[in-house]
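Data first, discussion second: the structure below is written as structure tokens.
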Number of protein chains: 2
Amino acid sequence: MPAAEKISYDPHAPVDPRVETLVNELIGRVADKWTLLVLEELEDHGTCRFTELARLVPGISQKMLTQTLRAMERDGLLVRTVHPVVPPKVEYCLTDLGHSLGEAFCGVWIWAETNLDRIERARSAFDARG
Amino acid sequence: MPAAEKISYDPHAPVDPRVETLVNELIGRVADKWTLLVLEELEDHGTCRFTELARLVPGISQKMLTQTLRAMERDGLLVRTVHPVVPPKVEYCLTDLGHSLGEAFCGVWIWAETNLDRIERARSAFDARG
DNA sequence: TTCCTATACTCTCCAAAGGAAAGTAGGCAC
DNA sequence: GTGCCTACTTTCCTTTGGAGAGTATAGGAA
């Protein structure tokens with residue numbers, strides 16, 4: 001390990017490798033394209049129904065929307081409320097935990113907005129080099 | 001870099017849909033399991049060689065490591081340096097842009113560490129409900 | 001000489017994940 | 001009866017990803 005101590009806050013410094021494994025596993029699940037996009041829409045629009053989310057999240061299939069919502073429900077990120085009416089009405093709403101994850105991802109959205117141009121330029125340069 | 005105007009972020013503020021599409025696309029690429037884990041290791045360990053990363057990132061295949069590193073290089077997140085020696089020596093190092101993404105994801109790692117127990121409990125509860 | 005090693009890929013084959021579209025349930029209006 | 005509505009569920013097929021073998025190269029050992 002290159003032991004260059006950082007002056008700024010390093011969240012990884014005092015970590016038990018067992019915990020690190022679990023965190024990596026969790027990151028692997030949560031840092032999924034669809035989870036992120038669903039999270040974003042639920043943050044933006046509040047409680048949503050199934051078809052509303054299908055419309056809001058660009059390009060998601062019904063299968064993946066169902067899977068993503070189930071996984072998020074299992075992880076306690078959102079609550080699924082079934083209204084026993086016809087036609088069916090199911091609402092999805094972020095929990096406190098879901099909101100806290102949304103806030104944690106805030107920095108990433110800001111980063112993406114801020115650096116869009118820079119990345120497109122980097123890609124052009126890379127592609128030009130062959 | 002006009003960072004001053006972006007200090008606060010209101011997710012409910014109206015956003016140009018064209019920009020939103022591009023940001024979603026970018027999130028979809030960057031919010032990939034392997035990209036995140038590689039980014040984390042490069043943040044933690046600084047400059048790394050190929051096999052070093054293969055060892056550090058748990059469970060990644062050589063193919064995916066190559067693909068991930070190429071994509072990150074194309075996006076300007078890291079620099080790939082080839083030393084013309086035998087056996088080959090290639091070093092990967094984050095750019096400023098890569099570091100800034102790492103910092104943006106800082107909140108997510110902290111969140112994951114903080115909420116591990118809560119999520120495991122949520123999963124157990126969900127599985128117990130059937 | 002031939003063999004072996006080390007590194008960073010690269011290729012091949014197969015299993016798993018994911019997308020598109022059709023099917024299901026079940027009251028209600030007609 | 002037929003059609004309609006929503007939230008899935010199933011089927012089929014394409015794409016992605018993983019496991020492992022192969023490649024190029026120079027120096028050192030046998």
Side-chain angles (χ1 to χ4, degrees), chain A residues 21 24-25 27-39 41-42 45-75 77-94 126 129-130, chain B residues 21 24-25 27-39 41-42 45-75 77-94 126 129-130:
Chain A
T21 303
N24 280 346
E25 200 179 310
I27 293 272
R29 300 234 185 155
V30 149
D32 157 68
K33 179 184 174 181
W34 296 132
T35 301
L36 260 187
L37 294 177
V38 166
L39 187 71
E41 296 308 329
L42 283 174
H45 297 85
T47 300
C48 284
R49 299 181 61 181
F50 186 86
T51 42
E52 202 176 350
L53 283 170
R55 184 172 38 79
L56 287 171
V57 178
I60 196 168
S61 67
Q62 290 188 328
K63 191 168 79 172
M64 283 315 295
L65 182 53
T66 306
Q67 277 184 28
T68 304
L69 289 170
R70 285 285 188 291
M72 292 176 75
E73 187 194 1
R74 189 172 106 97
D75 287 349
L77 299 176
L78 56 78
V79 173
R80 179 172 176 269
T81 311
V82 182
H83 301 271
V85 294
V86 171
K89 179 173 181 177
V90 180
E91 286 181 325
Y92 297 93
C93 182
L94 288 185
F126 182 90
R129 284 198 300 273
Chain B
T21 302
N24 279 346
E25 200 179 308
I27 294 271
R29 300 229 184 158
V30 148
D32 155 69
K33 179 185 174 182
W34 297 130
T35 301
L36 261 187
L37 295 176
V38 167
L39 187 70
E41 296 307 330
L42 283 174
H45 298 84
T47 299
C48 285
R49 298 181 62 182
F50 186 86
T51 43
E52 202 176 348
L53 282 170
R55 186 172 37 77
L56 286 170
V57 178
I60 196 168
S61 66
Q62 288 189 330
K63 190 167 81 174
M64 283 315 294
L65 182 54
T66 305
Q67 277 186 29
T68 303
L69 289 170
R70 285 286 188 290
M72 290 176 76
E73 187 194 2
R74 190 172 107 96
D75 286 350
L77 299 177
L78 55 78
V79 173
R80 178 171 176 270
T81 310
V82 181
H83 302 271
V85 295
V86 171
K89 178 172 180 179
V90 181
E91 287 180 325
Y92 297 92
C93 181
L94 288 185
F126 182 91
R129 283 198 300 273

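Here is the naming used below: chain letters follow the sequence lines, and residue numbers restart at 1 for every chain.
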Return the value, rounded to whole Å, for the distance between atom CD of A:Glu52 and atom P of D:dC8. 14 Å

With axes from five pairs an end, tell me the bend angle of the helix from C:dT1-D:dA30 to C:dC30-D:dG1, nearest 10°. 40°

Across the strands shown, which category fits A:Lys89 at heavy-atom distances under 4.0 angstrom: base, sugar-phosphate, nothing? sugar-phosphate

Can you sort out the partners of A:Glu41 under side-chain hydrogen bond (donor to acceptor under 3.5 Å, both in side chains), two or more places apart, ordered by chain and number? A:His45

Check side-chain contact (heavy atoms from CB on, under 4.5 Å) between A:Thr66 and all other residues, then give those that pass, not counting sequence neighbours. A:Phe50, A:Arg70

Write out a two-atom table: protein N or O, nucleotide N or O from nucleotides 25-30 of chain D, distance below 3.5 Å.
none

Tell me which nucleotide among D:dA7, C:dG18, D:dG18 gets nearest to the side chain of A:Phe50. D:dA7

Could you tell me which residues satisfy side-chain hydrogen bond (donor to acceptor under 3.5 Å, both in side chains) with A:Arg49, sequence neighbours excluded, listed by chain and number? none

List the residues meeting salt bridge (charged side-chain N to carboxylate O under 4.0 Å, His left out) with A:Arg74, not counting sequence neighbours, and say none if there are none. B:Asp127

Between atom CD in A:Gln67 and atom C1' in D:dC8, what is the gap in whole Å? 12 Å

Would you mind telling me which of D:dC8, D:dA7, C:dA8 lies closest to the side-chain atoms of A:Arg80? D:dC8

Would you mind telling me which of C:dT12, C:dA20, D:dC8 lies closest to the side-chain atoms of B:Lys63? C:dT12

Separation of B:Asp32 atom CG from C:dA17 atom P, in whole Å? 15 Å

Specify the separation, in whole Å, of atom CH2 of A:Trp34 and atom P of C:dG18. 10 Å

Can you find a side chain N or O atom of B:Arg70 that sits less than 4.0 Å from OP1 or OP2 on C:dT10? yes

What parts of residues 54-62 of chain A reach DNA chain C, counting only heavy atoms under 4.0 Å away? A:Ser61, A:Gln62

How close or far is atom C1' of C:dA16 from atom CE of A:Met64, stated in whole angstroms? 12 Å

Selected nucleotide, minimal atom distance to A:Thr51 side chain, candidates C:dC9, D:dC8, D:dA7: D:dA7

As a test of reading the structure: which of C:dC9, D:dA7, C:dA20 is closest to the side chain of A:Arg49, going by heavy atoms? D:dA7

By side-chain contact (heavy atoms from CB on, under 4.5 Å), B:Ala71 pairs with (sequence neighbours left out) none

Pairs satisfying side chain to side chain donor-acceptor pair (under 3.5 Å), at least one member in residues 52-62 of chain A, at least two apart: none

What pair of heavy atoms forms the shortest contact from A:Pro58 to B:Asn24, and how long is it? CG-ND2, 3.9 Å

Sorted by chain and number, sequence neighbours left out, side-chain hydrogen bond (donor to acceptor under 3.5 Å, both in side chains) with A:Asp32 holds for A:Thr35

Which residues pass the side-chain contact (heavy atoms from CB on, under 4.5 Å) test with B:Val79, sequence neighbours left out? B:Thr81, B:Thr95

By side-chain hydrogen bond (donor to acceptor under 3.5 Å, both in side chains), B:Glu91 pairs with (sequence neighbours left out) B:His83

Tell me the closest heavy-atom pair linking B:Cys93 and B:Thr47, and the distance in Å. SG-OG1, 3.4 Å

